[in-house]
Amino acid sequence: MNDSIDNLRQALAQRPLPRWSRMGPELGYGRHRGPARSTTRQAAVLLALFHREDEWRLPLTVRPAGMSRHQGQISLPGGLIEPDEDSEAAALREFGEELGPASVEIVGALEECYVYVSDTVVIPWVGVLQRHRAWQPNPREVERVIELPLKLLEDPAAQSISIVQRGPLQFKSPGYDVGTDHVWGATAVILEQFANLLRRH
């Protein structure tokens, strides 16, 4: 296990990292590649790896229906960076606020992801949970937790296109199927970047 983490750390230290993505929603028109606008906000998320049942997994969160933004969507734990913190600290803080306290070893960061629709630049950090424990989801931010096996990212059968309805707009969005859930948008873009990194190394 330690060899796997060391290999991942070395891979994340190399720049540039693979970042081309097929997972951008149809209405994105490639705008998630930037450039970012002058009003852009900064956010951070955490890909928190843990080993259980002989495989690597990471947690995703389903946003409650009552949230003002991104309700019902599947996300990586994370949020906006506060003025007095850096992106790594923000990713760790948000993870703790959403899923409960945890000991996380940060091993590196992926390339940032520009989310056009929310005008946000997201910095994805990768960490390893020191020990797996029961999730403690914050009901204000997390409706439920999905455990994503990393091997699913390499399974072509898990990649599909769904139809997303947003008000009067209907559009296609590629993503990953995790059971009956469909992961799309920025989360799918970040997961594919991570899958490309794993594939290359």
Side-chain angles (χ1 to χ4, degrees), residues 1-2 4-6 8-9 12 41-110 112-113 115 118 120-153 158 175-195 197-198:
M1 187 181 301
N2 288 335
S4 298
I5 296 170
D6 289 340
L8 179 58
R9 182 180 288 107
L12 288 165
R41 303 175 299 171
Q42 299 281 319
V45 297
L46 181 63
L47 289 80
L49 308 177
F50 63 96
H51 200 258
R52 185 161 66 83
E53 297 179 357
D54 295 324
E55 65 179 1
W56 286 101
R57 306 181 181 203
L58 59 82
L60 302 172
T61 62
V62 180
R63 300 301 189 190
M67 293 189 76
S68 59
R69 298 174 66 91
H70 307 298
Q71 58 270 28
Q73 291 189 18
I74 300 171
S75 307
L76 289 156
L80 294 176
I81 301 171
E82 299 292 344
D84 60 344
E85 65 184 355
D86 60 23
S87 62
E88 179 181 339
L92 290 170
R93 173 182 56 77
E94 288 282 350
F95 182 86
E97 290 177 0
E98 293 181 19
L99 294 179
S103 176
V104 181
E105 177 187 355
I106 293 293
V107 295
L110 297 168
E112 64 184 29
C113 172
V115 185
S118 61
T120 306
V121 170
V122 180
I123 297 93
W125 284 90
V126 180
V128 178
L129 293 178
Q130 298 303 291
R131 57 186 176 278
H132 177 58
R133 78 287 187 276
W135 307 117
Q136 301 175 41
N138 180 343
R140 293 176 299 177
E141 300 188 63
V142 179
E143 180 178 293
R144 58 189 172 89
V145 179
I146 300 170
E147 293 188 0
L148 168 69
L150 288 191
K151 64 182 181 183
L152 181 144
L153 301 179
Y176 296 98
D177 293 326
V178 188
T180 59
D181 295 300
H182 183 71
V183 184
W184 63 283
T187 302
V189 170
I190 292 169
L191 289 175
E192 189 188 31
Q193 184 192 156
F194 189 52
L197 175 77
L198 297 176

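Not measured: the values here are computed from a predicted model.
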[Y] and [X], any side-chain heavy atoms less than 4.5 Å apart:
X    : Y    : result
L110 : L12  : yes
V104 : W125 : no
D6   : R9   : yes
V189 : V115 : no
L191 : L148 : yes
I74  : Y176 : no
F95  : T61  : no
P149 : E53  : no

Closest non-hydrogen atom pair between [X] and [Y], with its separation:
X    : Y    : value
L76  : P59  : CD2-O, 4.3 Å
P124 : E112 : CD-CA, 4.1 Å
P139 : P64  : O-CG, 3.6 Å
T120 : A43  : CG2-CB, 3.6 Å
V45  : A91  : O-CB, 3.7 Å
V145 : P137 : CG2-CB, 4.3 Å

Practice item. Please lay out, stage by stage, how I123 and Q42 fare under the test side-chain contact (heavy atoms from CB on, under 4.5 Å). Key: CA-CA 8 Å; I123 297 93; Q42 299 281 319; 3.5 Å; yes

Exercise for review: I would like to know whether V183 and I146 meet side-chain contact (heavy atoms from CB on, under 4.5 Å); could you show each step before the answer?
Suggested key: CA-CA 10 Å; V183 184; I146 300 170; 5.7 Å; no

Are the side chain of [X] and the backbone N or O of [Y] linked by a donor-acceptor pair below 3.5 Å?
X   : Y   : result
S87 : A44 : no
E82 : A90 : no
E94 : L92 : no

Point to revise | Pairing residues for E147 by the side chain to side chain donor-acceptor pair (under 3.5 Å) criterion, not counting sequence neighbours | key: R52, R57, W135

Separation between [atom1] of [X] and [atom2] of [Y], rounded to the nearest 0.5 Å:
X    : Y    : atom1 : atom2 : answer
H51  : L150 : NE2   : CG    : 9.5 Å
Q73  : H182 : CD    : NE2   : 11.0 Å
D177 : L152 : CG    : CG    : 8.0 Å

Point to revise | Stepwise side-chain contact (heavy atoms from CB on, under 4.5 Å) test for E141 and R63 | key: CA-CA 6 Å; E141 300 188 63; R63 300 301 189 190; 4.2 Å; yes

Review point. Thinking salt bridges, do E97 and R140 make one under a 4.0 Å N-O criterion?
Key: no

Exercise for review: Verify the neighbour count for atom CG of D84: are there more than 12 heavy atoms of other residues, nucleotides or ligands below 6.0 Å?
Suggested key: yes

Check your understanding: Passes side-chain contact (heavy atoms from CB on, under 4.5 Å), E98 versus L46? Steps please.
Key -> CA-CA 11 Å; E98 293 181 19; L46 181 63; over 6 Å; no

